[in-house]
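Atoms within a ligand are numbered from 1 in the order they appear, just like the ligands themselves. The first residue of the sequence shown is numbered 1, and numbering continues consecutively from there.
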Amino acid sequence: MSATIIDGKAIAAQIKSEVKLEADSLKREHGIVPGLAFILVGENPASQSYVRSKGKACKELGFHSVTEERPSTISQDEILKLIHTFNSDPNIHGILVQLPLPKHIDENEVIMAIDWRKDVDGFHPVNVGKLVIGQPCLRPCTPAGVQELLVRSGNDPAGKHVVVVGRSNIVGKPVMNILLQKQQGANAVVTIAHTGGGDIAKYTKQADIVVAAIGKAEAITGDMLQPGCVVIDVGINRVADASTKTGSRLVGDVHFASASQVASAITPVPGGVGPMTIAMLMKNTLQAAKNLSSTT
Ligand code: GUN
């Protein structure tokens with residue numbers, strides 16, 4: 001079997017155009033332009049590239065955006081001060097502190113300092129709690145993107161057994177909490193497989209849908225999958241490859257060549273989940289702008 005490729009780039013483009021339409025009417029009818037503030041600390045090339053891409057999406061959609069770049073020597077207090085300034089800025093509806101932060105910074109305290117109504121990453125404990133108990137909230141972008149990819153590619157998770165591999169706060173746990181909801185586009189039976197549970201294949205072989213988010217290059221291979229399953233690969237790993245110009249290439253957490261022989265549908269890396277994260281960030285920022293200005 002050769003799997004259908006789920007085109008994350010095309011689905012993300014569709015979501016962004018929907019968001020743009022809504023943002024244009026918010027501007028026309030209420031004079032509100034969604035505004036997103038980025039805080040980028042240090043010189044991590046991946047973080048710099050992510051923030052650049054997110055800023056570009058803001059431009060495309062006509063959002064207002066500000067990026068505050070600071071050296072890795074910044075103090076905890078200085079970061080908190082920046083956040084407080086954005087919390088009280090009426091033109092800013094979303095605040096995104098790019099992670100990871102330097103070791104001397106307390107990441108939890110930084111996230112807690114963000115006004116949860118502007119927490120477009122969905123990392124603040126208020127939003128995490130609301131998600132768990134099924135209240136409307138700002139949802140983490142990558143997990144929300146995983147759900148949209150499934151639904152819009154015709155692979156509704158309702159009634160399916162989803163095995164999420166990885167238990168991180170950014171991906172694994174929120175994917176579980178989103179797909180568990182008694183709501184349209186969710187209602188799945190969810191298992192989280194992780195390094196504490198021994199043989200990962202024991203779980204993935206029972207999955208109708210596998211969401212791979214372990215952060216280990218090509219760890220999920222075709223022989224670990226049930227024939228006909230759907231595979232969503234959240235991983236982005238750079239591996240050495242002498243045959244390329246740069247000497248490296250990006251791969252996911254799934255071994256694409258073998259998995260695509262077994263699965264019925266699969267996301268590629270790049271071009272799968274990656275573009276969805278940005279599209280959902282734009283959607284969250286629009287939602288935050290609407291919530292804060294009570295236009296709905
Ligand atoms: N670093 C890696 N992923 C993310 C994300 O989704 N949001 C933020 N703020 N930082 C990240």
Side-chain angles (χ1 to χ4, degrees), residues 8 12 15 35-58 63 65-70 72 74 79-80 82-83 86-87 92-103 105-128 131 137-149 164 166-178 211-216 232-238 250 252-253 269-270 272-285 287-288:
I15 292 171
L36 181 50
F38 300 100
I39 299 175
L40 174 60
V41 178
E43 312 268 316
N44 180 334
S47 292
Q48 287 170 330
S49 154
Y50 291 143
V51 170
R52 252 198 319 274
S53 304
K54 292 167 187 174
K56 218 176 105 205
C58 285
F63 286 17
S65 83
V66 191
T67 303
E68 292 289 350
E69 287 186 53
R70 295 291 183 274
S72 57
I74 190 172
I79 296 192
L80 296 180
L82 262 179
I83 291 173
F86 288 134
N87 279 346
I92 294 296
H93 308 100
I95 302 169
L96 187 145
V97 181
Q98 187 64 31
L99 302 177
L101 290 168
K103 284 207 167 49
I105 302 290
D106 179 346
E107 230 165 67
N108 283 330
E109 193 187 14
V110 168
I111 290 168
M112 297 266 279
I114 298 171
D115 180 339
W116 61 269
R117 293 166 305 174
K118 299 191 178 187
D119 167 39
V120 285
D121 262 326
F123 293 165
H124 191 287
V126 169
N127 284 316
V128 176
L131 175 60
C137 61
L138 293 167
R139 297 168 165 209
C141 303
T142 302
V146 167
Q147 182 186 32
E148 288 283 352
L149 270 181
V164 181
R167 54 179 154 179
S168 71
N169 291 331
I170 293 187
V171 184
K173 286 186 219 165
V175 166
M176 174 188 76
N177 284 317
I178 288 174
V211 179
I214 16 174
K216 201 168 157 209
I232 306 293
D233 190 352
V234 183
I236 302 178
N237 311 284
R238 192 164 283 283
L250 291 180
D253 288 353
V269 176
V273 175
M276 295 298 291
T277 299
I278 298 184
M280 299 314 286
L281 174 67
M282 299 298 113
K283 195 166 175 170
N284 274 353
T285 305
Q287 188 60 53

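A heavy-atom separation below 4.0 Å is found between Phe123 and ligand 1. Judged by the shortest distance from any of its heavy atoms, Thr142 lies outside the 4.0 Å radius around the atoms of ligand 1.
At a heavy-atom cutoff of 4.0 Å, ligand 1 is contacted by the backbone of Val97 but not by its side chain. Heavy atoms of Asp121 found under 4.0 angstrom from ligand 1 belong exclusively to the side chain.
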Exercise for review: Just do the side-chain contact (heavy atoms from CB on, under 4.5 Å) check on Gln98 and Ile39 with the steps written out, would you?
Suggested key: CA-CA 6 Å; Gln98 187 64 31; Ile39 299 175; over 6 Å; no
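Considering every non-hydrogen atom in both Glu107 and Leu101, the closest pair reads OE2-N, 3.1 Å. The shortest heavy-atom contact between Ile74 and Val41 is CG2-CG1, 3.6 Å.
For ligand 1, the polar-atom distance check finds an N/O of Gln98 within less than 3.5 Å of one of the ligand's N/O atoms. At under 3.5 Å, not a single nitrogen or oxygen of Leu96, backbone or side chain, sits near a nitrogen or oxygen of ligand 1.
Checking atom 3 (N) of ligand 1 against the protein gives no heavy-atom contact under 4.0 Å.
Lys118 is linked by a salt bridge (Lys or Arg N to Asp or Glu O under 4.0 Å) to nothing, counting only residues two or more places apart in sequence or in another chain.
Scanning the protein for heavy atoms near atom 1 (N) of ligand 1, the closest one is Leu99 O, 2.9 Å.
Between Tyr50 and Leu40, every side-chain heavy-atom pair lies at or beyond the 4.5 Å cut-off.
Applying the 6.0 Å contact sphere to CZ of Arg167 captures more than 12 heavy atoms from other residues, nucleotides or ligands.
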